[in-house]
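A short worksheet on the structure shown next.
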Amino acid sequence: MLKTAITEMFGVKYPIICGAMMWLSIPPLTAAISEAGGLGNLTAGNYETEEEFRNAIKAVRTLTDKPFMVGITILPSLRITPEHHAMYVRVCADERVAGVEISGAPLDKGLGMDAIETLKKANVKMFQKVGAVRHAVHAEKVGYDGIYAAGIEEGGHPLSDDVTTMILTPRIAESVKIPVVTVGGIADGRGLAAALILGAHGVMMGSRFVSTKECPCHDNIKEELVRRQEMDTTIFGRSIGLQGRALMSDVIRDVIAIEEKGGKLEDLIPLISGLRIKQAWETGNVDYAPLMVGQSIGLIKKVMTVKEVLESMVKEAEEVLAKKNKMVV
Ligand SMILES: Cc1cc2nc3c(=O)[nH]c(=O)nc-3n(C[C@H](O)[C@H](O)[C@H](O)COP(=O)(O)O)c2cc1C
C-alpha cells in the first residue's frame with residue numbers, strides 16, 4: 001500500500017492521476033481510472049454548453065461513485081472562451097467535484113480571486129499544472145491545494161522553460177509546502193517510485209492512459225504508441241509562442257517546415273486545429289494531425305486495461321522501493 005498526501009486528500013487507493021486530455025478524457029475513461037483506484041480526469045474543454053458539461057459530470061457519476069478531477073485549460077483558444085472557463089468553475093463548485101486541474105493561466109490571473117474563493121467554499125481541491133518553480137510558489141500563495149510539476153518530457157504543452165521532470169519535482173517540492181505531483185515521462189512503477197523519492201506525493205500520466213483498452217481513440221493509435229520509442233516525439237509551435245509536444249508524424253514535419261519558413265498561426269491552424277485532431281484520434285490516422293503524446297511512450301510495452309496499468313505500476317513501485325531500501329546498509 002502506498003499512502004501519500006494525495007491518497008489521503010482524495011481518499012483514493014493509488015496516488016496516480018490522469019491529466020486533462022482533450023477529446024480523450026471523457027466519461028468512460030474518467031470513470032474507468034477512478035473506479036480502478038486512481039483519479040480520472042474529465043476535460044472541460046470537450047463541452048461547449050453548461051448542459052453538456054453537467055451531463056458529462058452526471059455520466060461519470062453513473063459509472064462510478066469515486067472521486068475524479070476536472071481539467072480546465074486556460075489558454076488562448078478559438079473555441080473555448082473566458083466565459084466557458086467561468087462556467088466550468090461555477091459548475092465544478094455547484095456539482096462539488098473532488099478537484100480541478102488548472103493548466104495555462106492560474107485561476108487568479110485567468111478569472112480573478114473570486115474563482116478561487118468559489119472553489120474553496122465548495123471544498124473543490126485546486127491543483128495548478130506548472131513548469132517552473134515561480135509558478136508553483138505563486139499558486140501556493142493564492143490558495144491552491146497542490147501542484148502538478150510538469151517537465152518538458154510531457155505530452156501536451158510543456159512550459160518553454162524546458163526544465164525536465166527529474167529536476168522540476170525536487171525543485172518544486174523544496175519550494176512549496178502543499179503536495180506536489182510529478183507530471184511528464186511517467187508510465188510505469190519505476191517512474192512512480194522515482195517521483196516519490198524526489199519528493200512528490202503522486203504522479204500524473206496522460207500518454208500511458210492513451211494506450212489503455214478504455215481510451216476512446218482508435219486501436220491503431222494505441223498500437224502505434226507501443227511501437228514508437230522515446231525519441232519519436234518532438235516539440236513544435238515555439239514560433240507562435242505556444243510550444244507543444246507531439247508524436248513525430250508527416251503532419252508534424254509539415255508544421256515544423258512552415259514554422260522554419262516564418263509561417264504564422266493562421267498558416268498552421270489548418271493542420272493543428274482541434275477538430276482535425278479529434279478526427280485523427282477517431283480514424284486512427286497518426287499522420288493527419290498532431291497527437292500530443294510525451295516521451296513516456298518509450299516505456300509503453302503493451303495495450304492493457306486501466307486496472308492492469310494501475311495495479312502493475314503500484315506493485316512495481318513497491319518492489320523497487322523495497323529493493324532500494326535494502327541498498328542502505
Ligand atoms: C492526448 C493528450 C491530450 C492532452 N490534452 C491536454 C489538454 O487539453 N490540457 C492540458 O492541460 N494538458 C493536456 N495534455 C497533457 C496531460 O494532461 C499531461 O500533462 C501529460 O500527458 C503528462 O505527460 P505524459 O504524457 O508523459 O504522461 C494532454 C496529453 C495528452 C497525452
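These numbers were taken from a predicted model, which means no experiment stands behind them. One-based numbering, in listed order, for ligands and for the atoms of each.
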Among non-hydrogen protein atoms, atom 29 (C) of ligand 1 lies closest to M292 O, 3.6 Å

Looking only at distance, does G156 have an N or O less than 3.5 Å from an N or O of ligand 1? no

Salt-bridge criterion met for E153 and R245 (N-O under 4.0 Å): no

Salt-bridge present (D162, R238; N to O < 4.0 Å): yes

For atom 25 (O) of ligand 1, which protein heavy atom lies nearest, and how many Å away is it? S207 OG, 2.6 Å

So does A20 get a backbone contact from the side chain of E101, meaning a donor-acceptor N/O pair under 3.5 Å? yes

Protein heavy atom at shortest distance from atom 22 (C) of ligand 1: V183 CG1, 3.5 Å

Looking only at protein heavy atoms, identify the closest one to atom 15 (C) of ligand 1 and say how far it is in Å. G155 O, 3.2 Å

Which protein heavy atom lies closest to atom 11 (O) of ligand 1, and at what distance to 0.1 Å? S103 OG, 2.6 Å

among protein heavy atoms, the one nearest atom 14 (N) of ligand 1 is A20 O, 3.0 Å

Nearest protein heavy atom to atom 12 (N) of ligand 1, by residue and atom, and its distance? K129 NZ, 3.2 Å

When you measure from the side chain of Y88 to the backbone N and O of A44, does any donor-acceptor pair fall under 3.5 Å? yes

Considering both backbone and side-chain atoms of S296, is one of its nitrogen or oxygen atoms within less than 3.5 Å of a nitrogen or oxygen in ligand 1? yes

All heavy atoms of I172 vs all of A132, minimum pair found to be CD1-O, 4.1 Å

Would you tell me which option among M21, E154, R245, Q295 has the nearest heavy-atom contact to atom 23 (O) of ligand 1? E154

What are the atoms of ligand 1, with element, lying closer than 4.0 Å to any heavy atom of G19? 17 (O)

I'd like to check which ligand 1 atoms, numbered from 1 as shown, lie under 4.0 Å from a non-hydrogen atom of T73. 7 (C), 8 (O), 9 (N), 10 (C), 11 (O)

For the pair D267 and K264, evaluate salt bridge (charged side-chain N to carboxylate O under 4.0 Å, His left out) and give the outcome as yes or no after the intermediate values. CA-CA 5 Å; D267 304 310; K264 300 274 173 295; over 6 Å; no

Does any N or O of ligand 1 fall below 3.5 Å from an N or O anywhere on G185, backbone included? yes

Scan L192, I16, T7 and name whichever one has a side-chain contact (heavy atoms from CB on, under 4.5 Å) with L2. L192

State the atoms of ligand 1, each with its element, that fall below the 4.0 Å cut-off from a heavy-atom position in W281. 1 (C)

Min heavy-atom dist G184 to ligand 1 below 4.0 Å: yes

Does G71 have a non-hydrogen atom less than 4.0 Å from ligand 1? no

Ionic contact status for R134 with D161, cut-off 4.0 Å: yes

Taking 4.0 Å as the limit for heavy-atom contacts, which would you say applies to E101 with ligand 1: side chain only, backbone only, both, or neither? side chain

Among all protein heavy atoms, pick the one closest to atom 21 (O) of ligand 1 and tell me residue, atom and distance. G206 CA, 3.3 Å

Note: E95-R61 ion pair, threshold 4.0 Å (strictly below): yes

Do the side chains of E311 and K307 get close enough for a salt bridge, i.e. N-O under 4.0 angstrom? yes

Please confirm whether the backbone N or O of K315 pairs with a side-chain atom of E318, one donor and one acceptor, at under 3.5 Å? no

Structural part of H157 in contact with ligand 1, heavy atom criterion under 4.0 angstrom: neither

Charged N-O contact under 4.0 Å between D94 and R54: yes

